[in-house]
Amino acid sequence: MEITPDIAKRLDQLNEKYQAMGQDMKSYLEGLQYMDYLKYWDYVHTDTLLSLQNPRTNFPDEKIFILYHQITELFFKLCLHEYEQIAEKKDITVDYLIQKLKRIVHYFDGLNTTYGIMIDGMEKDQFLKFRMALLPASGFQSAQYRMIELYSTDLVNLMQRDYITKNPETGNLTIKEKFQHIYWKAGATELATGRKTLTLIQFEEKYSEQFLILAEKCIKGNVYARYHELSEADKKNPELIQLMRDLDSNISVNWRLQHYKSAVKYLQGDPEIIAATGGTNWQKFMPPRFQRIIFYPELWSDDEKANWGKAWVEHTLKG
Ligand code: HEM
């Protein structure tokens with residue numbers, strides 16, 4: 001084989017790379033000689049990925065339920081990949097924020113346009129039976145969803161509305177105190193007793209410490225905080241403002257409402273079914289107009305905030 005100038009140049013570059021680390025290039029070349037070709041299935045780990053769906057019952061539609069949860073978690077992971085970079089970027093610029101937010105909005109578009117798989121894609125009779133075999137697990141325990149919220153906005157915007165109304169002075173609260181009153185803790189209380197559900201107790205045991213560490217990182221690293229670092233002119237950038245509004249409505253309204261629609265379809269109407277959710281107050285908790293979680297309050301008008309999620313609910317529940 002002829003050693004062309006191009007090949008010689010690449011060998012020199014490789015040699016430099018290995019020398020810089022005190023390594024012997026020839027040994028690595030020998031390794032290359034014995035190394036097997038990379039195959040798609042090894043790289044993407046398809047066999048592992050496709051072995052992770054393990055239903056607990058024999059109802060065929062349970063597999064759809066598991067798969068779509070996993071698909072959602074992978075999309076959440078894509079979002080978190082962007083959020084982490086936003087949080088860690090030194091000297092953030094408006095272009096950088098736009099580029100990253102576009103991707104996150106796009107991922108949530110993907111989730112919102114496929115959520116129908118959960119609404120129309122399973123037989124209700126099967127769902128109601130296999131759901132009983134999954135207690136007390138719930139999508140409520142999705143840690144990645146909670147991380148997305150922490151990365152999206154200041155912790156104060158995730159606190160329970162009632163608490164803030166009664167205690168408007170949140171400035172002196174520690175992260176731990178704010179976290180104590182995060183909105184979703186109110187969503188997992190038993191209807192009958194008002195006590196924390198087992199679903200919440202187990203979730204807190206597993207993740208609270210991790211969430212507090214992340215909440216600390218997000219004081220400066222959340223999207224809203226990074227937005228506030230921009231110059232006054234950049235803060236008015238129309239593309240950025242539109243993206244932040246899209247992100248807010250995609251996560252805080254659209255996804256939640258799609259999700260609520262599935263709960264209404266499968267769970268509403270039968271008192272016994274309440275048991276299938278661990279007896280939670282989901283009807284009061286899930287609709288965005290009750291939760292009123294708004295990531296970027298200064299980017300919405302008073303009217304828009306007052307009617308948060310309302311139009312969509314009316315439209316959806318009629319349909
Ligand atoms: C038929 C489909 C579904 C139904 C009927 C359903 C039902 C519910 C209910 C009733 C709750 C309230 C908490 C509880 O009582 O357990 C909840 C919470 C939650 N579920 Fe689902 N769910 C479905 C699909 C999904 C999927 C595919 C995901 C994706 C990961 C998911 C993620 C969540 C999250 C993140 C919460 C907490 C929401 C919040 O705090 O606002 N769910 N779900």
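All of these numbers come straight from a predicted model, not from anything done at the bench. Values reported hereafter were calculated over all heavy atoms of this structure, with side chains retained and with hydrogens, waters and symmetry mates removed.
Under a hydrophobic-cluster definition in which Ile, Leu, Val, Met, Phe, Trp and Tyr are linked whenever side-chain heavy atoms come within less than 4.5 Å, directly or via other members, Phe75 and Val105 are assigned to the same cluster. Ile213 is not connected to Ile86 by any chain of hydrophobic side-chain contacts under 4.5 Å among Ile, Leu, Val, Met, Phe, Trp and Tyr, and they are in different clusters. By the rule that hydrophobic residues join a cluster once side-chain heavy atoms approach within less than 4.5 Å of another member, Ile104 and Tyr96 end up as members of one cluster. A single hydrophobic cluster is seen to contain both Leu128 and Leu134, as judged by linkage of ILVMFWY side chains at heavy-atom distances under 4.5 Å, directly or through other members. The hydrophobic clustering, which links ILVMFWY residues whose side-chain heavy atoms are closer than 4.5 Å, places Leu67 and Ile64 apart.
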Take Lys265 and Glu123 through the salt bridge (Lys or Arg N to Asp or Glu O under 4.0 Å) test and state the conclusion after the steps. CA-CA 11 Å; Lys265 157 146 186 207; Glu123 279 180 25; over 6 Å; no

Using ring-ring contact (aromatic ring centres under 6.0 Å, His included), reason through Phe130 and Phe127 one step at a time and then give a plain yes or no. CA-CA 5 Å; Phe130 71 70; Phe127 176 85; 5.4 Å; yes

Can you list the steps and then say if Glu82 with Gln99 is a side-chain hydrogen bond (donor to acceptor under 3.5 Å, both in side chains)? CA-CA 9 Å; Glu82 302 302 320; Gln99 184 209 23; over 6 Å; no

Could you walk me through whether Leu200 and Glu204 pass the side-chain contact (heavy atoms from CB on, under 4.5 Å) test, one step at a time? CA-CA 6 Å; Leu200 175 59; Glu204 286 182 326; 3.8 Å; yes

Applying side-chain hydrogen bond (donor to acceptor under 3.5 Å, both in side chains) to Gln141 and Thr199, what does each step give before you reach the verdict? CA-CA 7 Å; Gln141 295 171 320; Thr199 307; 4.9 Å; no

Evaluate the criterion side-chain contact (heavy atoms from CB on, under 4.5 Å) for residue pair Val223 and Tyr296; output intermediate values, then yes/no. CA-CA 9 Å; Val223 169; Tyr296 310 117; 3.4 Å; yes

Are Phe108 and Thr113 close enough, and set up right, to give a side-chain contact (heavy atoms from CB on, under 4.5 Å), and what steps lead you there? CA-CA 8 Å; Phe108 262 89; Thr113 48; over 6 Å; no

Given the rule in the salt bridge (Lys or Arg N to Asp or Glu O under 4.0 Å) test, do Asp6 and Arg10 qualify, once you have shown the distances and angles that lead to the verdict? CA-CA 6 Å; Asp6 185 39; Arg10 281 176 195 275; 3.6 Å; yes

Report the C-alpha distance between Lys77 and Gln144 in whole Å, list the side-chain angles of each, state the deciding distance to 0.1 Å, and finish with yes or no for side-chain hydrogen bond (donor to acceptor under 3.5 Å, both in side chains). CA-CA 7 Å; Lys77 190 163 183 178; Gln144 291 202 109; over 6 Å; no

List the steps and the verdict of side-chain hydrogen bond (donor to acceptor under 3.5 Å, both in side chains) for Ser27 and Tyr18. CA-CA 10 Å; Ser27 310; Tyr18 287 118; over 6 Å; no

Any chance you could lay out the side-chain contact (heavy atoms from CB on, under 4.5 Å) test for Tyr68 and Thr114, step after step, and finish with the verdict? CA-CA 9 Å; Tyr68 193 71; Thr114 53; 2.9 Å; yes

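Here CZ of Arg131 is found 5.5 Å from CG of Leu135. Values are rounded to the nearest 0.5 Å.
Electrostatic pairing of Arg245 and Glu304 counts as a salt bridge here, judged by a charged N lying under 4.0 Å from a carboxylate O. A salt bridge is defined here as a Lys NZ or Arg NE, NH1 or NH2 lying under 4.0 Å from an Asp or Glu carboxylate O, and Glu88 with Lys217 meets this definition. A salt bridge does not link Glu209 with Lys176: none of the charged nitrogens is closer than 4.0 Å to a carboxylate oxygen. Between Glu190 and Lys196 there is no salt bridge, since none of the side-chain N atoms of the basic residue sits less than 4.0 Å from a carboxylate O of the acidic one.
By the 6.0 Å contact criterion, CD on Glu169 is open, its count of non-hydrogen atoms from other residues, nucleotides or ligands being 12 or less. Surrounding NE2 of His228 are more than 12 heavy atoms belonging to other residues, nucleotides or ligands, all under 6.0 Å away.
By the 30° and 60° cut-offs, the orientation of the rings of Phe65 relative to His69 is perpendicular. Using a 30° and 60° split on the angle between ring planes, Phe211 and Trp184 fall in the perpendicular class, above 60°. Ring geometry for Tyr145 against Trp255 counts as tilted: the plane angle lies between 30° and 60°, on a 0 to 90° scale.
Residues Tyr163 and Tyr183 keep their aromatic ring centres 6.0 Å or farther apart.
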